[in-house]
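Shown next, in structure tokens, is the structure this report addresses.
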Amino acid sequence: MKFNVFIILSIISAFIACSSSSSDEEEMVKDPENPEQVEENDEDQADEIEPFQLSDLDPDLPSFVSVVDETPEGMEWVKVEAMSDEFDTWNEDKWFNSFWNYGNTPVSMRSENSSVVDGKLNIQATLDENSSQWFQTARVHSKTKISYPMYTECSMKTSSISAFNTFWLNNGDINDRDEIDIVESNANPTPECSDQSTKPSNYPWTPWDFPTQMNSQYFIAKSGVTERHEDNFDTRMLSDANPNKGKTWDETYHIVGAWWKDARTVQFYLNGEPAGVVTTNQDFTRELELIFDLWTSEECYLGGLPQKEELNDNSKNTMRVDWVRTWKLESKY
């Protein structure tokens with residue numbers, strides 16, 4: 001499918017736009033002084049979780065089935081092989097690169113910056129000193145599209161530069177699209193952006209929390225009018241039973257997923273546990289592609305630009321995806 005090269009204008013503006021309305025019952029109310037706060041409905045569930053290791057989760061089913069099984073009675077998860085990959089090799093039947101660039105940023109998308117190495121999809125940021133688009137990177141899409149009811153998740157470890165490492169679903173253009181951002185993570189925002197003492201008391205973003213913050217959201221754009229809402233879960237909100245509680249996005253591999261339940265509901269998951277939900281005011285109407293990419297911007301609400309020399313450090317400049325797995329939810333009968 002063809003994306004509008006100026007889609008980033010909508011993405012960036014949506015970050016600073018007012019969130020769309022949601023009922024008080026559906027929204028998580030977070031206390032910035034208490035990052036471990038969870039929704040009341042999740043408290044009993046968190047108490048029920050027994051200690052586990054991510055390596056023990058059943059790879060043939062969504063990770064949450066091994067932790068807190070919320071599969072509806074009479075339904076089963078059926079693997080979608082065309083949108084699943086262990087990344088033993090680059091599979092051109094499943095994936096392709098796109099090359100539209102985010103506007104007003106130094107980002108340049110190139111196929112050379114995506115590869116499969118040692119059983120992982122790598123998206124690497126490299127430096128082009130001779131260009132205004134000096135942040136060379138890549139974007140990878142699935143060739144297959146999907147709609148609800150479905151679940152998708154990946155195991156990913158982010159770069160350690162100030163950049164957004166993303167796993168999302170999209171179809172459309174700047175004015176007409178459906179989009180579900182499962183995770184947009186910046187594990188190392190710049191010191192200037194991370195300095196909470198320099199921000200006004202009503203500053204609407206929390207870049208100082210980005211190293212552990214999940215940043216999940218949705219967009220529905222119709223005829224140029226955009227609806228958007230977010231749910232900013234955090235690894236510090238995970239249960240004590242979770243081995244990744246409190247770990248940063250570049251510290252280890254995290255399993256991030258989304259259960260697209262129906263035309264208006266998306267439940268997010270982190271390392272096998274519920275990680276917030278968004279409910280839309282209008283219907284999702286499109287089948288969506290899976291997308292991975294790595295990009296940056298000077299805006300502090302996105303974390304700020306990395307130092308150019310960091311792009312020459314291969315220990316910092318690469319987002320890695322160990323695997324991605326997708327299922328449809330179907331009736332057993």
Side-chain angles (χ1 to χ4, degrees), residues 1-22 95-111 113-114 123 125 131-133 135-148 152 163-186 204-205 215-232 258 260 263-264 266 268 278-305 319:
M1 61 152 292
K2 183 177 180 181
F3 285 83
N4 189 304
V5 296
F6 298 111
I7 194 171
I8 183 56
L9 297 177
S10 175
I11 295 175
I12 290 179
S13 63
F15 267 93
I16 58 176
C18 293
S19 298
S20 64
S21 61
S22 296
W95 309 104
F96 72 96
N97 290 95
S98 69
F99 304 106
W100 49 270
N101 292 318
Y102 292 117
N104 300 316
T105 73
V107 170
S108 176
M109 295 291 173
R110 312 183 328 143
S111 59
N113 285 66
S114 64
I123 297 181
S131 173
S132 60
Q133 291 179 289
F135 190 96
Q136 299 179 129
T137 183
R139 183 186 301 106
V140 174
H141 301 242
S142 66
K143 289 188 173 181
T144 301
K145 299 180 180 70
I146 197 168
S147 187
Y148 60 85
T152 189
F164 259 39
N165 303 249
T166 74
F167 175 39
W168 51 306
L169 299 91
N170 197 319
N171 186 1
D173 59 31
I174 188 172
N175 292 314
D176 292 279
R177 77 184 191 279
D178 289 349
E179 176 176 330
I180 300 170
D181 298 333
I182 301 173
V183 63
E184 295 184 307
S185 174
N186 183 343
W205 310 105
N215 292 323
S216 307
Q217 60 190 332
Y218 76 87
F219 298 87
I220 298 176
K222 296 185 185 300
S223 302
V225 179
T226 300
E227 173 188 338
R228 178 248 179 191
H229 191 68
E230 86 288 338
D231 190 287
N232 293 332
W260 187 7
R264 296 196 175 189
V266 181
F268 299 106
V278 289
T279 304
T280 69
N281 294 320
Q282 56 189 315
D283 290 351
F284 288 111
T285 59
R286 300 171 183 263
E287 291 187 320
L288 305 183
E289 301 170 359
L290 302 184
I291 308 175
F292 302 94
D293 70 356
L294 176 66
W295 61 283
T296 192
S297 171
E298 67 179 351
E299 302 293 344
C300 255
Y301 63 84
L302 300 174
L305 295 173
M319 165 188 169

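This chain uses plain numbering: 1 for the first residue, then up along the sequence.
- Considering CG of Asn113 and CG of Leu294, their distance stands at 9.0 Å, rounded to 0.5 Å.
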Practice item. Run the numbers on Trp168 and Leu288 for side chain to side chain contact (heavy atoms under 4.5 Å, CB included), then give the verdict. Key: CA-CA 9 Å; Trp168 51 306; Leu288 305 183; over 6 Å; no
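- Two residues are said to be in side-chain contact when any heavy atoms from C-beta on lie closer than 4.5 Å; Ile180 and Phe268 meet this criterion.
- Arg264 is linked by a salt bridge (charged side-chain N to carboxylate O under 4.0 Å, His left out) to Asp283, counting only residues two or more places apart in sequence or in another chain.
- Note that CG of Asn171 and OG1 of Thr285 are 9.0 Å apart. Values are rounded to the nearest 0.5 Å.
- For Asn165, the side-chain hydrogen bond (donor to acceptor under 3.5 Å, both in side chains) partners two or more places apart in sequence, or in a different chain, are Ser159.
- To the nearest 0.5 angstrom, Lys222 atom NZ is 5.5 Å from Gln282 atom CD.
- Counting heavy atoms from C-beta outward, Val140 and Asn97 have side chains that approach closer than 4.5 Å.
- Of all non-hydrogen atoms in Phe99 and Ser111, the two that sit nearest each other are CE2-N, 3.4 Å.
- Using cut-offs of 30° and 60° for the angle between ring planes, the His229 and Tyr218 rings count as tilted.
- Pairing each heavy atom of Ile174 with each of Ala221, the nearest pair is O-CB, 4.0 Å.
- Judged by a 6.0 Å distance limit and a 45° cone about the ring axis, Arg139 is positioned over the six-membered ring of Trp100.
- To the nearest 0.5 Å, atom CG of residue Asp293 and atom CD1 of residue Ile291 are 7.5 Å apart.
- For the pair Glu184 and Gln217, the minimum side-chain heavy-atom distance is below 4.5 Å.
- Closest of all the heavy-atom pairs between Leu302 and Asn186 is O-ND2, 3.1 Å.
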Practice item. Check the pair Arg228, Glu179 against side chain to side chain contact (heavy atoms under 4.5 Å, CB included), reporting the backbone distance first and the verdict last. Key: CA-CA 9 Å; Arg228 178 248 179 191; Glu179 176 176 330; over 6 Å; no
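- Here the closest non-hydrogen pair linking Thr296 and Phe135 is CG2-CD1, 3.5 Å.
- Of all heavy-atom pairs spanning Phe284 and Phe219, the tightest one is CE2-O, 4.2 Å.
- The ring pair (Phe, Tyr, Trp, His ring centres under 6.0 Å) check on Phe167 picks up Phe292, with sequence neighbours excluded.
- Annotation for Tyr148 and Ala263: closest pair OH-CB, 3.4 Å, computed over non-hydrogen atoms.
- Between the CD1 atom of Ile146 and the CG atom of Leu169 there is a distance of 8.5 Å, given to the nearest 0.5 Å.
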